Q: 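Structure provided below as structure tokens; questions to follow.
These values consider heavy atoms only, across backbone and side chains, with no hydrogens, waters or symmetry-generated copies. From a predicted model like this one, the values you see are computed outputs, not experimental measurements.
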Amino acid sequence: MPAMASRSGTRRRSMNEINMVPFIDVMLVLLIIFMVTAPMLTPGMVDVPSVGKSKNQPKIFATVIVNQDGSLRFKTRDAERTLSQREIGNAALIWQQAQSGESAVVIAAEKNVQYETVVKAMDALQKAGVQRVGLSVKQGG
């Protein structure tokens, strides 16, 4: 029993330090994994279409002209008339159904026209069920 008495007299110290070796090992393994896999990744490439490279351009098309004041004109080979935002979709759909399958509706707007007006015209055409809708652009710089 005297040995037990001497043991109870010593105090245990608490450990106040954090062991960093396992943390460093994990970080080095992650670094090696990233260094090996990084060259294998291909950068994301976006294939942006260029102007005038359409494969099957429509032979017959009508034009929706967006004016600076927000009014819309519907122009075909035969006639041109001013229509409201609600009427443009139905007029384009009726025209497209009367034409062959190669027909399309093209939206033309000046540079100064608000983008919102062009998008509203395109939305009206799509809601009406017009199959092919395109944007008219000027080729070249």
Side-chain angles (χ1 to χ4, degrees), residues 1 3-141:
M1 283 292 200
M4 285 291 249
S6 66
R7 269 183 107 164
S8 62
T10 61
R11 289 188 171 181
R12 293 183 65 191
R13 289 187 186 169
S14 62
M15 192 170 163
N16 293 334
E17 298 176 9
I18 297 174
N19 190 1
M20 294 295 290
V21 174
F23 176 71
I24 294 170
D25 290 343
V26 169
M27 294 307 290
L28 287 174
V29 169
L30 288 175
L31 178 66
I32 292 170
I33 290 171
F34 285 125
M35 287 174 56
V36 169
T37 58
M40 295 179 197
L41 299 175
T42 58
M45 298 293 289
V46 178
D47 190 17
V48 180
S50 59
V51 176
K53 300 270 179 152
S54 177
K55 292 179 184 172
N56 52 354
Q57 294 181 354
K59 294 181 171 111
I60 304 167
F61 62 91
T63 307
V64 174
I65 301 168
V66 182
N67 297 322
Q68 284 186 342
D69 61 352
S71 63
L72 303 173
R73 290 182 302 168
F74 186 68
K75 182 180 177 183
T76 61
R77 277 191 235 155
D78 306 327
E80 182 176 340
R81 56 191 165 150
T82 303
L83 298 172
S84 69
Q85 194 80 31
R86 286 184 234 143
E87 299 169 335
I88 199 76
N90 292 332
L93 182 63
I94 292 169
W95 176 84
Q96 193 174 43
Q97 289 173 347
Q99 305 302 317
S100 66
E102 290 290 319
S103 63
V105 177
V106 177
I107 299 174
E110 290 185 20
K111 217 188 300 188
N112 301 333
V113 173
Q114 288 186 354
Y115 184 69
E116 181 182 7
T117 309
V118 176
V119 171
K120 282 183 180 179
M122 186 180 291
D123 187 47
L125 292 171
Q126 288 178 346
K127 282 183 180 176
V130 177
Q131 294 298 319
R132 290 183 70 183
V133 178
L135 294 173
S136 176
V137 293
K138 188 185 291 185
Q139 293 185 350

Q: What distance do Glu80 atom CD and Asp78 atom CG have between them, rounded to the nearest 0.5 Å?
A: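 One gets 12.0 Å once the value is rounded to the nearest 0.5 Å.
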Q: Going by heavy atoms in the side chains, are Ile24 and Val21 under 4.5 Å from each other?
A: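 Not touching, per the 4.5 Å side-chain cut-off.
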Q: Would the distance check show the side chain of Gln96 and the main-chain N or O of Gln131 forming a donor-acceptor pair, the cut-off being under 3.5 Å?
A: yes
Q: When you measure from the side chain of Gln85 to the backbone N and O of Lys120, does any donor-acceptor pair fall under 3.5 Å?
A: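 It does hold such a pair.
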Q: Output a table of donor-acceptor pairs, distance under 3.5 Å, between side-chain atoms of residues 62-70 and any protein atom two or more places apart or on a different chain; print 'none' if there are none.
A:
unit_1: Asn67; atom_1: ND2; unit_2: Ser71; atom_2: OG; d: 2.9
unit_1: Gln68; atom_1: NE2; unit_2: Glu110; atom_2: OE1; d: 3.4
unit_1: Asp69; atom_1: OD1; unit_2: Ser71; atom_2: N; d: 3.2
unit_1: Asp69; atom_1: OD1; unit_2: Ser71; atom_2: OG; d: 2.8

Q: Is the count of non-hydrogen atoms from other residues, nucleotides or ligands lying under 6.0 Å from Leu28 atom CG greater than 12?
A: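 Result for CG/Leu28: enclosed.
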Q: Of all the heavy-atom pairs spanning Gly89 and Leu125, show the shortest one and how long it is.
A: CA-CD2, 4.1 Å
Q: Is it the case that more than 12 heavy atoms not belonging to Phe61 sit under 6.0 Å from its CZ atom?
A: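 No, the 6.0 Å shell around CZ holds no more than 12 heavy atoms from other groups.
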Q: Which pair of heavy atoms, one from Ser103 and one from Arg132, lies closest together, and at what distance?
A: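 Minimum heavy-atom contact is O-CD, 3.8 Å.
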Q: Say you draw a straight line from CG of Leu72 to CD1 of Ile88; how long is it, rounded to the nearest 0.5 Å?
A: 5.0 Å
Q: Work out which heavy atom in Leu93 is nearest to a heavy atom in Ala128; give both atom names and the distance.
A: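 Answer, listing the atom of Leu93 first, then Ala128: CD2-O, 3.0 Å.
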Q: Please find the pair of heavy atoms, one from Val118 and one from Ala109, that lie closest to each other, and give the distance.
A: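 Scanning both residues completely, I find the closest heavy atoms to be CG2-CB, 3.7 Å.
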Q: Rounded to the nearest 0.5 Å, how far apart are CG of Asn90 and NZ of Lys127?
A: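 Asn90 atom CG to Lys127 atom NZ measures 12.5 Å (nearest 0.5 Å).
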Q: How far does CE of Met122 sit from CD1 of Ile107, to the nearest 0.5 angstrom?
A: 4.5 Å
Q: Rounded at 0.5 Å granularity, tell me how far NZ in Lys75 sits from CH2 in Trp95.
A: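 Taking NZ in Lys75 and CH2 in Trp95, the distance rounds to 13.0 Å.
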Q: Write down the atom of Thr117, the atom of Val113, and the distance for their closest heavy-atom approach.
A: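 Distance-wise, the nearest heavy atoms are CB-CG1, 4.2 Å.
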